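Following: one structure in structure tokens, then a few remarks.
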Number of protein chains: 4
Amino acid sequence: MTPRYSETNRRQARKEVRQRLIEAAIQEFAQNGYDGANVNTISVAAGFAKGTIYNYFPSKKELMFAILGESGSAHFDFIAEQIREEDDPILRVKCFFEAGFAFVEEDPARGQVLVSTLYGTHSEFKERLYQVYQPMFQLVAEEILAPGIVQGVFRQMDPADTSVMIMTFYLGTASSVDTSGKPWLSPGKVADFVLNAIRSNQ
Amino acid sequence: MTPRYSETNRRQARKEVRQRLIEAAIQEFAQNGYDGANVNTISVAAGFAKGTIYNYFPSKKELMFAILGESGSAHFDFIAEQIREEDDPILRVKCFFEAGFAFVEEDPARGQVLVSTLYGTHSEFKERLYQVYQPMFQLVAEEILAPGIVQGVFRQMDPADTSVMIMTFYLGTASSVDTSGKPWLSPGKVADFVLNAIRSNQ
Amino acid sequence: MTPRYSETNRRQARKEVRQRLIEAAIQEFAQNGYDGANVNTISVAAGFAKGTIYNYFPSKKELMFAILGESGSAHFDFIAEQIREEDDPILRVKCFFEAGFAFVEEDPARGQVLVSTLYGTHSEFKERLYQVYQPMFQLVAEEILAPGIVQGVFRQMDPADTSVMIMTFYLGTASSVDTSGKPWLSPGKVADFVLNAIRSNQ
Amino acid sequence: MTPRYSETNRRQARKEVRQRLIEAAIQEFAQNGYDGANVNTISVAAGFAKGTIYNYFPSKKELMFAILGESGSAHFDFIAEQIREEDDPILRVKCFFEAGFAFVEEDPARGQVLVSTLYGTHSEFKERLYQVYQPMFQLVAEEILAPGIVQGVFRQMDPADTSVMIMTFYLGTASSVDTSGKPWLSPGKVADFVLNAIRSNQ
DNA sequence: CATGAATGAGTATTCATTCAT
DNA sequence: AATGAATGAATACTCATTCAT
């Protein structure tokens, strides 16, 4: 009967709180893994009381799903945008690794959550992750590899298989960090390795 | 005084029990991850009562350490033995992936435990794993890459870095299985990709 | 100064909202019991937001008290009105069970709340219920049994004790329903049983 | 490999602990109802630590089921044994109420749990209770009412319906206690009421 | 050595209630 | 008066570990 403070403000506030919770959750999951993570800690770390998180996510599992979804599309958007600024397939490969490494470096926790989920034991999460990363696999296959093959700068290959290998390689290398958090390998080196593998040798 | 024989028998029996426990533990860890694994379940699956496992391992953590040590050397021995039967660096690369994939296929649980630990969040385990895998990195660098570079069949490169990339690639691809447990990629395809990346182009 | 009309309207509106809340609460309590009931759900089921109910009842407990009071007098009024239309004590007994069963059948949720409270564990509620049902016990004792004894159609007995037995019997039988919600026993059968028990045998 | 302390002792000990837990649980459920009961409190009241109860019952719900089963058969055995010592149907009715009231008086908590379950809102428990009380309904119908009808001391009636009424009456009256815990009605009065209702009037 | 009962710290989740708007 | 976000106490249940037998 009585309206309260503007519907839009309310929505906006909810979104922000939700985002804060997701970010706190990513830190916690990155540090302790899904099973080791403490939901109450997440809520408190985000600046709320224990129970608040349940006003936003019905369960720990759904919270994780939300993170996977959000991360997948953020990851894709970040990389796709930069790749599409290049035309040359070779530059796109370089750009792919540079953008990819940058993404992980900017938010290492997110990267950690993604790989540990990918190689972890919770099949529901893995399956969701594959769904969510489908666009990225396609991006590599269709907007990097296929054009390069057509143009003759890449050797003949199955773009789908190769896309899987490149993604595997990317995820493995970008998230391999030493104890200080620095990645062991530079995007340049990794890109060179991959380019050597796929370039046609004229 | 106990006669010598019974002493030896006892030692032998202990070893066998220990091994059975380790194998049961690998299954459990593979299925549920370290945090999700249940120590009692492991003991029972090995054919003992709940408490027995604590006569062999002082804690869940030490049990995990034991598995990592055992798996690392088993993995290394299995691969090293086969590689050393070849002389040609290129064949050694192919052999490396074939042996590696075979190892994982023969004992997928062990493979799962290794990758999930490698990309997991328990830094103590990760560190131990790096230690344990040191010989494997060296094997690739010194017994595959270095000779190939010297012989001119591989391009100039830093064997250490490249070894890391190859291992990353191997672990990622060998343990990427679809829901039926079949790996997505064949060792041949992966080996070819890597060979293209490292061969010198005369 | 507020004009008189709007004041009355406001009172009226409050009453209606209160009633809607009570009815929603009866459904919820009937379905889930007092402990299992969810206050927010009640408010929402009544068509309001979660918090609204607290503008009408200071606590879950007070809400329950309100229900008990309201139900008790509704129950009494419903039955008393019909009984008093009969003069003959025997007909009054029959009428009592018919009216009683009808009341429960018309609003089974209310019936359920009453019995589950009566036989439940919350002594505060039980005590309130006894208070509230005092008039009903008196009705049976003084307006059904006592006249019948005086007229000689009922045997000599303690009207108070017998009233307790009859009420117990009524509540137990009227609220025993099978899974489809149909009562197991008809008011006729139950009334006959009771009449046999109290009739004088000339 | 090594046996431990005699299997039979073990079994015996487990049984005793289980029984202690059940008894503590009955007290707790009687006092607070199923929803209000605290599982940890039960375990502690039985003289164990919080977790112990879960070594005996997989969940609160299963604990409740165990209580219902145990109580149903204890109740039946207690009453059946005494009834069968009488031959006369009329004495059996008296005996039924005396034994029934005695059962409840000896262990009022058990009685409270039974009625509050019977009139409560947990349909799973109610259904189990009906199952468990089936033998008691039969006892009344077949070993009290039917013989009396045949012998002509009870009037013609449907033994099944009447059995339901008698049980309803019994449960309602036996468990109606005032605040001091004394029942409002004596078994004698209740039995007389019932006998009047069912006796044939020669 | 093997056993399995007991332990109790730890955790996800629920929900009555408050209160700023 | 109505709203719904925030709160935090409360609780069922898990499981690594201990230890008497």
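Everything numeric in this text was worked out from a predicted model, so none of it was measured.
- Here the rule is side chain to side chain donor-acceptor pair (under 3.5 Å) with C:Arg110, and of C:Glu70, C:Glu23, C:Gln27 only C:Glu70 fits it.
- If you find the closest nucleotide of DNA chain E to C:Thr41 and to D:Val17, the one lying nearer the 5' end belongs to D:Val17.
- The nearest heavy atom of DNA chain E to C:Gly51 and to A:Gly51 marks one nucleotide each, and the one closer to the 5' end goes with A:Gly51.
- Remark: F:dT21 base-pairs with E:dA2; criterion is Watson-Crick or G-U wobble with both hydrogen-bond distances under 3.5 Å.
- Residue C:Tyr54 contributes atom OH, which lies 6 Å from atom P of E:dA16 at whole-angstrom precision.
- For A:Arg10 and F:dT3, the shortest distance from a side-chain N or O to OP1 or OP2 is not below 4.0 Å.
- With a 3.5 Å ceiling on both atom-pair distances, the Watson-Crick or G-U wobble partner of F:dA10 is E:dT13.
- In this structure, the NZ atom of C:Lys50 is 7 Å from the P atom of F:dA5, given to the nearest Å.
- Across the protein-nucleic acid pair, D:Ile53 atom CD1 and F:dC15 atom P stand 18 Å apart, rounded to whole Å.
- Using a 4.0 Å heavy-atom criterion, one finds that C:Ala13 contacts no nucleic acid atom at all.
- Residue B:Asp35 contributes atom CG, which lies 11 Å from atom P of E:dA12 at whole-angstrom precision.
- Counting only heavy atoms from C-beta on, C:Phe48 has its side chain closest to F:dA2 among F:dG8, E:dG4, F:dA2.
- With the nearest nucleotide of DNA chain F identified for both D:Pro58 and B:Lys61, D:Pro58 has the one nearer the 5' end.
- The phosphate of E:dA5 has OP1 or OP2 within less than 4.0 Å of a side-chain N or O from D:Arg14.
- Of the candidates F:dT3, F:dT17, E:dG8, the closest approach to any side-chain atom of C:Thr52 belongs to F:dT3.
- You'll find the side chain of D:Lys61 reaches within 4.5 Å of the side chain of D:Glu124, heavy atoms only.
- Between C:Tyr56 and C:Val17, some side-chain heavy-atom pair lies under the 4.5 Å cut-off.
- Taking 4.0 angstrom as the limit, A:Asn38 places none of its side-chain polar atoms (N or O) nearer than this to OP1 or OP2 of E:dG10.
- Straight-line distance from the NZ atom of B:Lys60 to the C1' atom of F:dT18: 17 Å, rounded to whole Å.
- No close placement of the C:Phe57 and C:Phe65 rings is indicated, their centers lying 6.0 Å or farther apart.
- Between the base of E:dA5 and the side chain of D:Asn55 there is no donor-acceptor pair shorter than 3.5 Å.
- Neither OP1 nor OP2 of F:dC15 sits under 4.0 Å from any side-chain N or O of B:Asn40.
- Closest-nucleotide positions on DNA chain F for D:Ala37 and C:Tyr56 were compared, and the one nearer the 5' end corresponds to C:Tyr56.
- The residue A:Phe57 sits apart from the nucleic acid: no heavy atom pair falls under 4.0 Å.
- Rounded to an integer number of Å, the gap from B:Arg20 CZ to E:dA2 P is 10 Å.
- Remark: P of F:dA16 and CD of B:Glu62 are 15 Å apart, rounded to the nearest angstrom.
- The CE-C1' distance, from C:Met64 to E:dA16, rounds to 16 Å in whole Å.
- Side-chain contact between B:Gln112 and A:Tyr119: absent, with no pair of heavy atoms (C-beta onward) separated by less than 4.5 Å.
- A donor atom on one side chain and an acceptor atom on the other are not found under 3.5 Å apart for C:His122 and D:Asn32.
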